[in-house]
Amino acid sequence: PIHKAKSIQFGILTEEDILRLSVCEVTSTLIYDKEFNIPAKNGINDPRMGVSMRGLLCQTCNGEIKECPGHFGHIKLGEPVFHPEFLKTIIKILKCVCFKCYSLLVTSERKKNLMQIKNKKKRQQEFVKNASADCRDDENMGGCGFKQPKYIKGTHDITIKMPDSKNSDRVEEDKKRMLRAKEVEEIFNNMQPDDIEALGLHRDFSIPKAMIIKLLIVAPPAIRPNIELASSARAEDDLTHLYISILSTNIELLKAKESGAPRSREDDIMRRLQAYVAYLMNNDQNKAKQKGGRPIKSISQRLKGKEGR
């Protein structure tokens, strides 16, 4: 039956959303089975995600290449990364919330006044402007007195600079260091739903923890088809190459963790992993390129290319 759409709700995919959409976990950098020359199981073109070769059937919907629309998979990251499209918003939220006790950095009276601002974007900006440099003890809002760090936005990551103080809890020896996404995830997981809405976000459709990627959704082969060359070889799509880079870097990170590599080594790998995820979604600056020097076409650029159609 045909129904009339009453509304459309946009939101950020949560970990639960991705698991519900996904038909398989992608764990292998192998694209094709070497023995049978067909898409490898748990590879980037896993046959459960759809058909990438003529003559095969999708193992999820049993459709042929012209019938199957494709199905999503996912990659479980060895450590969370920041969603690159929300990096500025992540920093704004961090500036409003205590690094130690997760309380909002305004007094209860100030929060009450700011809540009178109906425009959510403007209200968030005002919370950032009015955030205290330390977590003040407020009988209604809590507070621990912790002096707050400074957050510095990089191209794809965040640097944290801890203040000179006697605070010892959760303070690293390095005053200035790379802020791990898993640290931010801990803060976001402990935020109160009322505080999330106070900052102009929706407690269901734009929760801060969804801006941290633990499961990376993998687009089906149908939207990144390969090109069959004159020989039996195939030229893979730009997105497929980026997914392979993400997978290999993720495997490298897991091995570094297992071997007890120093934090500096893990940070280097994390920066590369974060960059590959960012290039996958948006390569407008043309920083990610193929071996021949041609810029890789990201998901964002493909969507922009559909404007007006």
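Quick caveat: nothing in here was measured; it's all calculated off a predicted structure.
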*Asks:* Going through the checks in order, is the salt bridge (Lys or Arg N to Asp or Glu O under 4.0 Å) test met by R177 and D267?
*Replies:* CA-CA 10 Å; R177 60 177 175 81; D267 283 351; over 6 Å; no
*Asks:* Using a cut-off of 6.0 Å, state whether more than 12 heavy atoms not belonging to Q285 lie near its atom CD.
*Replies:* no
*Asks:* May I ask you to check whether E186 and Y102 show a side-chain donor-acceptor distance below 3.5 Å?
*Replies:*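 Yes, a side-chain donor-acceptor pair sits under 3.5 Å.
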*Asks:* Does the side chain of T14 pick up a donor-acceptor pair with the side chain of D17 at under 3.5 Å?
*Replies:* yes
*Asks:* Assess whether a salt bridge exists between K182 and E185, defined as any Lys/Arg side-chain N lying under 4.0 Å from an Asp/Glu carboxylate O.
*Replies:* no
*Asks:* Going by salt bridge (Lys or Arg N to Asp or Glu O under 4.0 Å), name the residues that satisfy it together with R271, two or more places apart in sequence or in a different chain.
*Replies:* D157, D268
*Asks:* Step by step, would you call E252 with K257 a salt bridge (Lys or Arg N to Asp or Glu O under 4.0 Å)?
*Replies:* CA-CA 9 Å; E252 185 183 354; K257 286 179 173 292; over 6 Å; no
*Asks:* What do the steps show when you test K297 against D237 for salt bridge (Lys or Arg N to Asp or Glu O under 4.0 Å), and what is the final call?
*Replies:* CA-CA 9 Å; K297 199 171 182 180; D237 186 84; over 6 Å; no
*Asks:* Determine the minimum heavy-atom distance between P80 and I212, stating which atoms define it.
*Replies:* CB-CG2, 3.5 Å
*Asks:* Is R294 atom CZ crowded by more than 12 heavy atoms from other residues, nucleotides or ligands, each under 6.0 Å away?
*Replies:*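 It does: R294 CZ has more than 12 such atoms within range.
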*Asks:* So, N45 and Y243: side-chain donor and acceptor under 3.5 Å apart, yes or no?
*Replies:* no
*Asks:* Tell me whether R203 is salt-bridged to D194, with the criterion being a basic N under 4.0 Å from an acidic carboxylate O.
*Replies:* yes
*Asks:* With no hydrogens and no angle check, just 3.5 Å: does a side-chain donor-acceptor pair link S298 and Q301?
*Replies:*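 Q301 and S298 do have a side-chain donor-acceptor pair below 3.5 Å.
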*Asks:* Check whether any side-chain heavy atom of P47 lies under 4.5 Å from a side-chain heavy atom of C58, and answer yes or no.
*Replies:* no
*Asks:* Can you tell me which residue pairs pass the ring-ring contact (aromatic ring centres under 6.0 Å, His included) test with a partner in residues 43-92, sequence neighbours excluded?
*Replies:* H83-F86
*Asks:* With a 4.0 Å cut-off on N to O distance, would you call K304 and D284 a salt bridge?
*Replies:* yes
*Asks:* Check the angle between the aromatic planes of Y276 and Y279 and answer parallel, tilted or perpendicular using the 30° and 60° thresholds.
*Replies:*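 The rings of Y276 and Y279 stand perpendicular, inter-plane angle above 60°.
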*Asks:* Look at atom NZ of K122 and say whether more than 12 heavy atoms of other residues, nucleotides or ligands are closer to it than 6.0 Å.
*Replies:* no
*Asks:* Mind checking ring-ring contact (aromatic ring centres under 6.0 Å, His included) for F127 and listing every partner two or more places apart, or none if nothing turns up?
*Replies:* none
*Asks:* Classify the angle between the aromatic ring planes of Y151 and F99 as parallel (below 30°), tilted (30 to 60°) or perpendicular (above 60°).
*Replies:*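 The rings of Y151 and F99 sit tilted, inter-plane angle from 30° to 60°.
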*Asks:* Can you establish whether the number of heavy atoms outside K287 located under 6.0 Å from its atom NZ is more than 12?
*Replies:*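 Check fails, neighbour count at 12 or below.
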*Asks:* Could you tell me whether the side chains of R48 and T60 share a donor-acceptor contact shorter than 3.5 Å?
*Replies:*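 Judged by distance alone, the side chains do not pair up.
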